[in-house]
Each structure stands twice: as structure tokens, then as C-alpha cells.
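Shown next, in C-alpha cells, is the structure this report addresses.
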Amino acid sequence: MNTQLAMMMTILVPIIGAVLIRLCSARPNLREAMTLLTALLLLVCVGSLLPAVLDGHQPELLLLETIPGLPLFFKLEPLGMIFALVASSLWIVNSVYSIGYMRSNNEHHQTRFYICFAVALASSMGIALAGNMFTLFVFYEVLTLSTYPLVIHKGTPEAKRAGRTYLGILMGTSIGFLLLAVLWTWSVSGTLDFQAGGILAGNIQGPAVALLLFLYMYGLGKAALMPIHRWLPAAMVAPTPVSALLHAVAVVKAGVFSVVKVVVYIFGLDLLNSVSASQWLLYMASFTVLTASVIALRQDNLKRRLAYSTISQLGYVVLACAVLAPLSIIGAGLHIVAHAFGKITLFFAAGAIYTAAHKTQVSELDGIGRAMPWTMTAFAIGSLSMIGLPPTAGFISKWYMLLGALSVDQYIAVAVMVISTLLNAGYFLPIVYRAFFKPADQSHPHGEAPLSMVVALSFTAAMTVLIFLFPQTVLSLAQQIVELN
């Protein structure tokens with residue numbers, strides 16, 4: 001198919017899938033088959049765009065002219081290709097996992113669950129393909145609204161409180177900060193198009209640059225930059241496949257993707273360097289990375305520990321952007337991929353433990369690695385990636401971020417990455433040690449979670465290693481982000 005048709009179908013396929021899932025609601029097997037088929041077709045559409053982007057092309061599609069000069073417009077560049085590939089490929093794996101999880105735990109409202117997933121993926125594709133800030137903003141808001149029913153899925157008072165926190169923070173920051181930043185950008189530059197080198201140089205100067213950057217960074221609340229991070233641990237009341245969606249596939253990736261997009265294509269590295277506008281962001285990202293890691297050390301609940309780990313890992317991407325070095329931007333692009341596969345593996349493992357053993361606390365996991373060897377081996381691989389050790393994808397992304405910081409003498413960033421790496425080891429390795437080397441609890445199960453769940457987590461763990469061994473495609477896309485500027 002041609003690139004314009006592929007871009008259109010990238011948005012339409014999940015929406016059509018959501019309708020078909022609803023029509024098949026009375027037949028669970030057919031409903032779930034439609035989910036898998038839709039996810040597979042989406043990956044085919046996204047994959048068909050990859051050769052053109054690798055060859056240096058940026059396919060475009062004008063969707064709708066709202067008012068003169070402000071269209072809903074798609075333009076796929078290398079960073080968007082990275083996000084689209086991550087989200088579309090992991091949707092398939094998450095769907096396989098979800099079937100086993102939702103059935104084994106007899107979850108209610110399963111049709112609504114799969115529909116919201118499909119709409120969330122459609123909005124994620126809109127964000128990935130957005131050719132201007134207006135288009136990104138529209139799909140960014142749809143993503144928030146489509147994931148709200150997933151957060152409150154259980155319907156308990158705790159879930160409803162978490163949903164209010166989730167919706168309040170994400171909608172409040174996007175309307176209060178991001179919308180204002182978009183309007184300000186439009187008023188001074190006359191355009192919202194993403195352009196190599198940015199669109200603000202010569203249109204804004206001095207302290208105003210730092211203020212506008214502040215509005216963008218805190219308007220993009222899905223990046224969970226402290227102190228607007230509370231929505232993320234609150235949302236852990238949702239089922240584990242939703243946690244995986246929030247932390248690996250769509251929501252937080254949309255946040256940090258948008259951060260990189262704004263820094264590179266709205267401001268441009270040269271403008272931010274010339275006025276030292278990102279120094280405050282360097283400090284806030286550093287604070288987020290370290291503080292979230294320290295909090296994670298103290299969490300006994302496994303999903304909350306993983307949630308605060310996510311906040312810290314997102315901080316790496318923001319920190320890499322604040323460094324303003326080409327190598328660190330490459331590292332930021334790579335970390336979107338590395339974190340996605342590593343963190344979804346960890347959440348899949350947490351869900352498998354809950355399904356097979358009904359355990360949620362780290363202190364309950366003594367010896368569980370002998371009862372669930374596939375699950376805990378995958379957890380160990382995901383942990384190594386979060387720490388940044390070979391042979392996992394997390395090593396490559398952290399390596400580029402460190403090289404970038406060293407290339408511009410940002411030793412604060414270097415120190416933060418080193419200290420946080422030690423903290424990561426401090427809250428991940430004890431879990432692995434406890435699972436494999438402590439005496440087994442007699443209440444542990446005698447087998448793994450359902451096969452579909454084990455297959456999914458084993459696949460993502462394997463991909464975490466394979467990306468380290470064969471990083472060429474992802475690395476080529478990440479390098480193009482800075483070569484185009």
C-alpha cells in the first residue's frame with residue numbers, strides 16, 4: 001500500500017477494531033480473535049511505513065483543515081516511527097497476555113476493556129504520526145479520556161478515587177499548561193508544525209523561553225515529572241494489563257515522546273542552548289530520577305515499586321533532553337524502546353505472580369522463582385534492563401545518554417545516572433535474589449500462570465535481549481532524529 005493509505009489505516013484500523021469488538025461482545029472467543037487480528041493489522045500498517053522512514057523520507061497526510069493554517073496533519077519522522085513501532089508491536093503481546101489474565105481472574109467488563117484498549121492505541125498512533133502540535137494535542141487528550149475507564153475498571157471506591165486523581169492531574173495540566181503553551185507558540189511563530197531545528201528561534205527570547213518550556217514540560221503530565229507524578233502510582237489499582245498499557249505501551253510513552261518532540265522540533269537544541277533555558281529542567285529531571293528511586297526502595301507492594309521505577313525511568317528521558325546533546329537525544333529515543341520492553345516484562349511478571357499465587361508484596365516472594373522459573377527469569381531480564389546492564393536494551397540507551405552528558409560536560413547528569421543505577425540495583429536485585437535463593441514459601445503455586453501470559457512475558461524478555469544484540473534498526477531511527485536537525 002502507498003504511504004498515505006498506510007498512515008490513514010494506522011489510525012482507522014484500531015477504531016474499526018473497537019467497533020468489531022463491540023459487535024462480538026456476546027461471543028468472547030470471537031471478540032478476542034478480533035482484538036488479536038486488529039493488533040496484527042495495525043503492526044502491518046506501521047511496518048509498511050518503516051522502509052520509507054529508514055530511507056530518509058517523511059510521509060505526510062492532511063486529514064482535516066480545521067481553520068486556515070491549523071490542520072489536523074500527519075507527518076511521520078524517525079521519532080514518531082519509533083513510538084508507533086513500540087506501541088503497535090506491544091499491543092499484540094499485551095492482547096495475548098490480557099486474554100489469559102482477564103479470563104483467569106474472571107474480570108468483569110471485558111468487552112469494554114478491549115474496546116478502550118483499541119481506542120487508546122488509535123490515539124497513540126495519532127500522537128506518533130502528528131505533524132503539528134495541534135494534532136498532537138487533540139490525540140493526547142483522547143488518550144487520557146480513553147484510558148480513564150481502564151483505570152477505574154474494577155469499580156471499587158479505591159479505583160474511582162484513583163480515576164479522579166488520574167483524570168484531574170492529566171486533564172488539569174494539559175488544559176492549564178499545555179494548551180496555554182500551544183496558544184503562545186501559535187501567537188509568536190504563526191505555525192505549530194514540527195520542523196527540524198524548531199520553530200521558535202527568532203520569535204521568542206530571554207526568560208520567556210524558559211517559561212514556555214516550563215509550560216510544555218508540566219503540561220505534558222504523562223511524562224510524570226515531579227511533582228505531578230501522583231496519577232501514576234494511583235493508577236496501579238487497575239488490572240495488570242492496564243498497568244502495562246500505562247507504563248510501557250501508550251500513556252507514559254506518549255508523555256516522554258512528546259517531551260522529545262517539543263524539545264527537538266518546537267524549540268530546537270540551538271535555541272535552548274543559546275539562552276540556557278533548560279537548566280532548571282536538568283535539575284527537576286535529576287530530582288525526579290533520584291527521588292522516585294529512593295521511594296521505590298521503600299515499597300513492599302510490587303506494582304507500586306514498579307510504578308515509582310517508571311517515574312524514575314521517565315526522568316532519564318527528560319534528563320537526556322535537558323542535556324541538549326545530540327548523543328543524549330539519541331539515548332532518549334533508544335530509552336523509549338528499552339524501557340517499553342523491559343517494563344512491560346516486569347508488569348507481565350507481576351500479573352503472572354498475582355494470577356498464579358495471588359501474591360502482591362515483595363516480602364511474599366521467597367523462593368517463588370523455583371515454582372515459576374519462566375516468570376522470574378523474565379523478571380530478572382527486565383530488571384537488568386532497568387538497571388542498564390548488558391546484555392539488555394537498557395544498557396545501550398543509558399550508554400548513549402552518558403556519552404551525551406559527557407560530550408557537553410554535564411557532570412551533574414552523569415552523577416545522577418550513576419547514583420540512580422545503583423539505586424535501581426538496590427530495589428530490583430533483592431527481588432531476584434529473594435525469588436531464587438531464599439527458602440520457598442509453602443503457599444507458592446506448583447506451576448506457572450496460564451500459557452498465554454507466560455508466552456507474552458517470555459517474548460518481551462527475549463526482545464529485551466535481542467534489541468541489545470541487534471540494535472541496528474532502532475539505532476538508525478534514533479540517529480536520524482538528530483541528523484535531520
Side-chain angles (χ1 to χ4, degrees), residues 140-141 143-144 147-148 150-152 158-159 161-178 181 213-238 242-260 262-263 280-322 332 335-336 339-340 342-344 346-347 350 386 416-417 419-420 423-424 427-428:
Y140 192 90
E141 298 307 289
L143 179 59
T144 301
T147 49
Y148 169 74
L150 295 172
V151 173
I152 64 168
E158 182 186 10
R161 282 196 302 273
R164 288 194 293 271
T165 301
Y166 181 82
L167 204 60
I169 292 177
L170 293 186
M171 293 297 291
T173 54
S174 62
I175 294 173
F177 294 150
L178 183 57
L213 182 65
F214 174 87
L215 292 175
Y216 270 114
M217 294 301 102
Y218 280 101
L220 295 166
K222 293 182 179 71
L225 193 65
M226 287 185 169
I228 56 168
H229 64 287
R230 287 181 53 249
W231 64 269
L232 205 155
M236 289 303 94
V237 299
V242 177
S243 301
L245 172 76
L246 295 176
H247 290 259
V249 182
V251 179
V252 298
K253 291 300 172 295
V256 291
F257 163 83
S258 300
V259 166
V260 181
V262 165
V263 168
W280 70 269
L281 184 60
L282 181 77
Y283 297 134
M284 287 309 302
S286 299
F287 176 78
T288 299
V289 169
L290 295 177
T291 304
S293 295
V294 171
I295 295 173
L297 278 170
R298 302 169 54 193
Q299 303 302 312
D300 190 40
N301 181 276
L302 181 56
K303 284 179 67 175
R304 283 187 65 83
R305 184 174 295 197
L306 296 179
Y308 279 101
S309 167
T310 294
I311 295 169
S312 178
Q313 295 289 329
L314 299 178
Y316 280 125
V317 178
V318 180
L319 181 62
C321 290
H335 204 62
I336 289 174
H339 179 261
K343 187 51 65 73
I344 201 170
L346 294 171
F347 271 103
M386 294 300 96
V416 168
M417 290 183 205
I419 294 169
S420 65
L423 291 171
N424 292 340
Y427 60 75
F428 277 125

- Message: Determine whether a donor-acceptor pair (N or O, by modelled atom type, separation under 3.5 Å) exists between the side chain of Arg305 and the backbone of Tyr427.
- Response: yes

- Task: Rounded to the nearest 0.5 Å, what's the gap from CG on Leu346 to NE2 on His339? Could you check?
- Result: 8.5 Å

- Task: Would you please say whether a donor-acceptor pair under 3.5 Å links the side chains of Ser420 and Tyr316?
- Result: yes

- Is the closest side-chain donor-acceptor distance between Ser312 and Ser293 under 3.5 Å? yes

- Query: Minimum heavy-atom separation for Phe428 to Ser309, with atom names?
  - Reply: CZ-OG, 3.5 Å

- Task: Enter the distance from Ile311:CD1 to Leu306:CG here, rounded to the nearest 0.5 Å.
- Result: 11.5 Å

- Consider only side-chain N and O atoms of Gln299 and Arg304, and report whether a donor and an acceptor are under 3.5 Å apart. yes

- Query: In chain order, what residues pass the ring-ring contact (aromatic ring centres under 6.0 Å, His included) check against Tyr218, with sequence neighbours excluded?
  - Reply: Phe214

- Query: Say you draw a straight line from OG1 of Thr165 to CG of Leu232; how long is it, rounded to the nearest 0.5 Å?
  - Reply: 12.0 Å

- Residues forming a ring-ring contact (aromatic ring centres under 6.0 Å, His included) with Tyr216, sequence neighbours excluded: Phe267

- Item | Contact summary for Trp280 and Met217, nearest pair of heavy atoms | CH2-CB, 4.0 Å

- Task: Check the side chains of Tyr166 and Thr147 for a donor-acceptor pair under 3.5 angstrom, ignoring hydrogens and angles.
- Result: yes

- Task: Starting at CD1 of Ile169, measure out to OG of Ser174 and round the result to the nearest 0.5 Å.
- Result: 12.0 Å

- Query: Which value, rounded to the nearest 0.5 Å, describes the distance between Leu220 atom CG and Leu215 atom CG?
  - Reply: 10.5 Å

- Closest non-hydrogen contact found for Val251 with Leu143 is CA-CD2, 4.1 Å

- Message: Minimum heavy-atom separation for Val260 and Ala332, please, with both atom names.
- Response: CG2-CB, 4.2 Å

- Query: Is the closest side-chain heavy-atom distance between Asn424 and Met386 below 4.5 Å?
  - Reply: no

- Message: Closer than 3.5 angstrom, by distance alone: can the side chain of Glu141 be matched with the main-chain N or O of Met171 as a donor-acceptor pair?
- Response: no

- Query: Ignoring hydrogens and geometry, is there a side-chain-to-backbone donor-acceptor pair from Trp231 to Ala162 under 3.5 Å?
  - Reply: no

- Pair Tyr308-Thr291, side chain to side chain donor-acceptor pair (under 3.5 Å): steps then yes or no: CA-CA 9 Å; Tyr308 279 101; Thr291 304; over 6 Å; no

- Note on the structure: Interatomic distance, CE@Met226 vs CE@Met284, rounded to 0.5 Å, equals 9.0 Å

- For Ala224 and Leu314, the nearest pair of non-hydrogen atoms, with its separation, is CB-CD1, 3.9 Å

- Note on the structure: Val318 and Ala285 have their tightest heavy-atom pair at CG1-CB, 3.9 Å

- Query: Do Leu319 and Val416 have side chains that get closer than 4.5 Å, going by heavy atoms?
  - Reply: yes

- Item | Flag, side chain of Lys222 to backbone of Tyr140, donor-acceptor distance under 3.5 Å | yes

